[in-house]
Every structure is written in structure tokens, then in C-alpha cells.
Undergrad: 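Take this structure, written in C-alpha cells, and hold onto it; I'll ask about it next.
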Amino acid sequence: MNKRNNKLKPWVKLTLNIILIVFLATIICYVSFVIHINMKKDKKTFAINYNNEPRLDYQVCIKENPYYLSKCLNKGKTYPSSIIETINYNISDNFRTSKIIDMIYTYEVTANLVSETDSRNLMTEELWNKKYVLVQKTTKKIKANHIELNEAFNIDYRYYENIIENYKKDFPVSMKGYLKINYKVNIKSPDEKINKKIVLTSKISLLEPMVKITDKIPGNINKNIYINKSNIFKYTLYIVLNVILFMFAIILVIKSCKIKLKSEYRIMIDKYLQLYKDIIIVVKVLPSCEKLEIVDIKEFADLVDLEQELKIPIMYYEENEIISIFAIFSDKYMYRIIYQEKNRK
């Protein structure tokens with residue numbers, strides 16, 4: 001006889017799991033919302049102030065001539081190229097912080113000698129570019145609140161102009177040239193979240209009767225850095241709680257996916273077994289029916305009526321959980337009705 005199952009029915013299990021999943025999802029959303037709101041409310045506190053003052057200066061030193069009395073001319077003018085000998089640069093930068101910190105700074109000075117097409121149009125095309133290292137790249141680590149950089153170097157104007165002139169002779173095209181000086185500084189302090197890049201450039205025109213020098217210098221920078229004053233321990237607990245709840249919800253989802261709800265076939269078979277348990281015998285193997293005439297019954301009610309008439313119990317046999325056979329065996333006949341998952345026979 002079919003034994004009663006005291007366990008929860010699959011649809012009840014699935015319903016309870018869905019309720020738990022929704023409940024956990026609500027808690028996870030609420031905890032995430034609390035974290036978000038509290039982080040917004042956290043006050044930013046002052047951490048450090050830094051400022052830097054980049055400077056670029058130069059003098060144009062010239063040949064002796066009857067027009068200029070000074071050996072070197074100050075910056076910011078236009079200079080006859082025929083009398084220029086050297087351009088003496090002095091580049092400096094003062095970087096200060098409001099407290100002593102660990103810093104790493106790197107600096108270098110390079111120059112690019114460039115020739116490009118000389119066109120009346122605004123569009124120009126670069127023809128040739130060569131890089132020169134004027135001051136080798138240097139990296140230093142210090143613990144301080146002040147960095148003072150000062151680099152002095154001379155540009156031999158005639159040397160670079162001769163290179164461009166020779167290029168023009170070898171490639172007779174309408175062109176112009178210039179020398180671009182690049183001074184690059186990078187100051188880092190990972191602990192204080194400082195990563196400052198400073199670039200100063202100076203462009204010297206070549207192959208022109210009158211030389212112009214144009215500079216590009218970033219302005220003075222004064223900046224405050226703030227940090228969020230947060231309760232790290234509190235947020236860590238919130239995050240750990242969220243992770244635990246999330247993992248538990250995933251486990252419930254996986255378990256829910258494994259719950260098998262009863263099909264119409266299974267509901268029908270279980271119903272017959274329950275309603276007619278007094279006249280149904282569950283067997284592992286059906287008796288042989290080789291010498292019997294098989295009679296297929298259309299309705300289960302007809303099989304029940306036949307059992308009442310013949311006073312012979314109904315045998316129930318299930319094959320692979322997808323085929324169910326209800327049968328009555330008499331001396332000459334096997335009366336049967338067969339049900340199959342998805343298809344009823």
C-alpha cells in the first residue's frame with residue numbers, strides 16, 4: 001500500500017523559498033541603502049595642502065655687434081637670428097606641502113627638433129622630428145614638505161639651426177623649423193593621494209630672420225586634499241552581512257531550482273492511489289500475461305467497476321516513474337489501463 005509522506009509538499013517548499021528570497025533581497029537592498037546614505041553623510045576632513053610655483057626664465061646671448069650693447073638680451077622679445085649664439089635657460093619649481101610626507105619626484109629636460117611644411121594654409125604637416133636629452137631623467141625619494149628644483153642649461157642656437165638648414169638643402173621643400181624645450185616633473189605621494197604632473201615648454205623658431213620664443217607655463221597651483229572620515233569597521237560589518245545574505249539567497253535560489261513540482265500525470269496517479277488505496281495493490285513486477293487476453297480499459301472508473309464486479313484487487317505497477325499500469329488479472333483476461341507522463345494511453 002502507498003505510505004503517506006509527512007514531508008512538505010514541493011509547492012509548499014518552493015513558496016517558502018520564494019518568500020525567504022524576497023525577504024533576503026529586501027534586507028540586502030535596505031543594508032545597501034543604509035551604507036549609501038551614511039557614506040553621503042560622512043564629512044570630508046582636511047588632509048593636506050600643497051602648492052607649486054613653476055618658473056621659466058631665459059636670456060638670449062648674442063655675438064658682438066654695433067647695435068646691441070648687452071652681451072645677453074632679456075626674455076620676451078624678438079631677436080635677429082643672425083647674431084644669436086646661445087639661449088641660456090633657467091627652469092625652477094618650488095613644491096610645498098603643509099606637512100612632512102614621503103614623496104617621489106622625477107624630472108627631465110628634453111628637446112625636439114622639428115621641421116614642418118610651410119604653407120599659407122593653417123594646416124601644416126610634420127616632416128621630421130628628432131629628440132635630444134638635455135638633462136637626464138632623475139628620480140629621487142625624500143621625506144620632506146618642500147622640494148626645490150632648479151635646472152640651468154644652454155641651447156646652442158647655431159647648432160640646431162644648421163641641422164635644419166642641412167635638412168632643407170637635402171630636401172628642397174618649403175618648410176620651417178623650431179626647437180621645442182620640454183621640462184617635465186612628476187611628484188607622487190601615494191599615502192596622501194598626490195600625483196602631480198608639471199610640464200613647461202618653450203618653443204624657439206628656426207630658419208627665420210627674426211626669432212620668436214614662446215613659452216607655455218602652468219600657473220601656480222594651491223590645492224587642498226580632503227578625505228572621507230568614515231567608520232571603516234561599521235561599513236565592513238555592513239558589507240560582510242550583505243555578502244552572507246547574498247550567498248544564502250543564492251543557495252536558496254539553487255535549491256528552489258531543484259525542487260520538482262508535481263506534473264498533472266503525477267497528481268492524477270497519486271489521487272487514484274489515495275482514493276482507492278483499499279482496492280489497489282502496489283507491486284514491483286506484474287504477473288505474466290502471455291496466456292491471457294489483454295483488454296484495454298478507457299476510463300479508470302470502468303476499472304473500478306470491474307473490480308467491484310469481479311472482486312479482484314487492482315494491481316499497480318510503475319515503470320521509470322513515467323509509465324503507470326493499473327491492471328486486474330482474471331483466469332482468461334488482463335484488464336488494464338496505462339497512463340504515461342505527458343501522454344495518456
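These values consider heavy atoms only, across backbone and side chains, with no hydrogens, waters or symmetry-generated copies.
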Undergrad: Just so I know, are the side chains of Ile147 and Met103 near enough to count as touching, which here means a heavy-atom distance under 4.5 Å?
TA: yes
Undergrad: Under a 3.5 Å cutoff, is there a donor and acceptor pairing between the side chains of Tyr316 and Ser324?
TA: yes
Undergrad: Do Asn88 and Cys61 have side-chain heavy atoms sitting under 4.5 Å apart?
TA: yes
Undergrad: Measure the shortest side-chain to side-chain distance between Ile297 and Arg336 over non-hydrogen atoms and say whether it is less than 4.5 angstrom.
TA: no
Undergrad: Write down the atom of Ser82, the atom of Arg158, and the distance for their closest heavy-atom approach.
TA: O-NH1, 3.9 Å
Undergrad: Please report the shortest heavy-atom distance between Val199 and Pro218, naming the atom on each side.
TA: O-CD, 3.3 Å
Undergrad: Salt bridge between Arg55 and Asp93, side-chain N to carboxylate O under 4.0 Å?
TA: no
Undergrad: Tell me if the OH atom of Tyr132 is crowded by more than 12 foreign heavy atoms within 6.0 Å.
TA: yes
Undergrad: Mind checking what makes salt bridge (charged side-chain N to carboxylate O under 4.0 Å, His left out) contact with Glu116, not counting sequence neighbours?
TA: Lys176
Undergrad: Indicate yes or no: at least one non-hydrogen side-chain atom of Met175 is less than 4.5 angstrom from one of Thr117.
TA: no
Undergrad: What's the separation between atom CD1 in Ile83 and atom CG in Leu73, rounded to the nearest 0.5 Å?
TA: 6.5 Å
Undergrad: Mind listing the closest non-hydrogen atom pair of Pro54 and Leu200 along with its distance?
TA: CB-CD1, 3.9 Å
Undergrad: Which value, rounded to the nearest 0.5 Å, describes the distance between Tyr160 atom OH and Lys130 atom NZ?
TA: 9.5 Å
Undergrad: Looking only at the aromatic ring of each residue, does the gap between the centers of Tyr272 and Phe300 stay below 6.0 angstrom?
TA: yes
Undergrad: Hey, are Lys298 and Asp302 close enough for a salt bridge, meaning a charged N less than 4.0 Å from a carboxylate O?
TA: no
Undergrad: Roughly how far, to the nearest 0.5 Å, is CG of Asp170 from CD of Glu165?
TA: 12.0 Å
Undergrad: Closest approach of Glu341 and Tyr265, non-hydrogen atoms and distance?
TA: OE1-CD2, 3.1 Å
Undergrad: Can you tell me if Tyr333 has over 12 outside heavy atoms packed within less than 6.0 Å of its OH?
TA: no
Undergrad: Are Asn186 and Asn195 linked by a side-chain donor-acceptor pair shorter than 3.5 Å?
TA: yes
Undergrad: Give every residue pair that meets the side chain to side chain donor-acceptor pair (under 3.5 Å) criterion with at least one member in residues 197-209, sequence neighbours excluded.
TA: Tyr89-Ser202, Ser202-Asp215
Undergrad: Is there a side-chain contact (heavy atoms from CB on, under 4.5 Å) between Phe329 and Cys289 once you walk through the steps?
TA: CA-CA 8 Å; Phe329 290 84; Cys289 59; 4.2 Å; yes
Undergrad: Does one hydrophobic cluster hold both Val173 and Leu207, with members joined at side-chain heavy-atom distances below 4.5 Å?
TA: yes
Undergrad: Take Lys184 and Val109 through the test side-chain contact (heavy atoms from CB on, under 4.5 Å) and record every step on the way to the result.
TA: CA-CA 6 Å; Lys184 298 178 182 178; Val109 183; over 6 Å; no
Undergrad: Might you confirm whether atom CD of Glu64 has over 12 heavy atoms from other residues, nucleotides or ligands at distances under 6.0 Å?
TA: no
Undergrad: For the residue pair Leu179 and Leu206, what are the closest heavy atoms and their distance?
TA: N-CD1, 4.0 Å
Undergrad: Verify the cluster assignment for Tyr167 and Tyr157: are they in a single hydrophobic cluster under the rule of side-chain heavy atoms below 4.5 Å apart?
TA: yes
Undergrad: Can you check whether Asp296 reaches Ile337 side chain to side chain, under 4.5 Å on heavy atoms?
TA: no
Undergrad: Can you name the residues that form a side chain to side chain contact (heavy atoms under 4.5 Å, CB included) with Lys71, not counting sequence neighbours?
TA: Glu85
Undergrad: Hey, could you give me the CD/CD distance between Glu53 and Glu148, rounded to the nearest 0.5 Å?
TA: 10.0 Å
Undergrad: Provide the closest heavy-atom pair for Thr106 versus Thr139 in the form atom of the first, atom of the second, distance.
TA: OG1-OG1, 3.1 Å
Undergrad: Strictly by modelled atom types, are Asn112 and Asn129 linked by a side-chain donor-acceptor pair under 3.5 Å?
TA: yes
Undergrad: Within a reach of under 6.0 Å around CD of Glu126, are more than 12 heavy atoms found that belong to other residues, nucleotides or ligands?
TA: yes
Undergrad: If we only count heavy atoms from C-beta on, is the Tyr183 to Leu149 side-chain gap below 4.5 Å?
TA: yes
Undergrad: Please indicate whether Leu69 has more than 12 foreign heavy atoms, meaning atoms of other residues, nucleotides or ligands, lying under 6.0 Å from its CG.
TA: no
Undergrad: Taking the side chain as every heavy atom from C-beta outward, state whether Lys137 and Tyr107 have any atom pair closer than 4.5 Å.
TA: no
Undergrad: Are Ile164 and Glu161 close enough that some pair of their side-chain heavy atoms sits under 4.5 Å apart?
TA: no
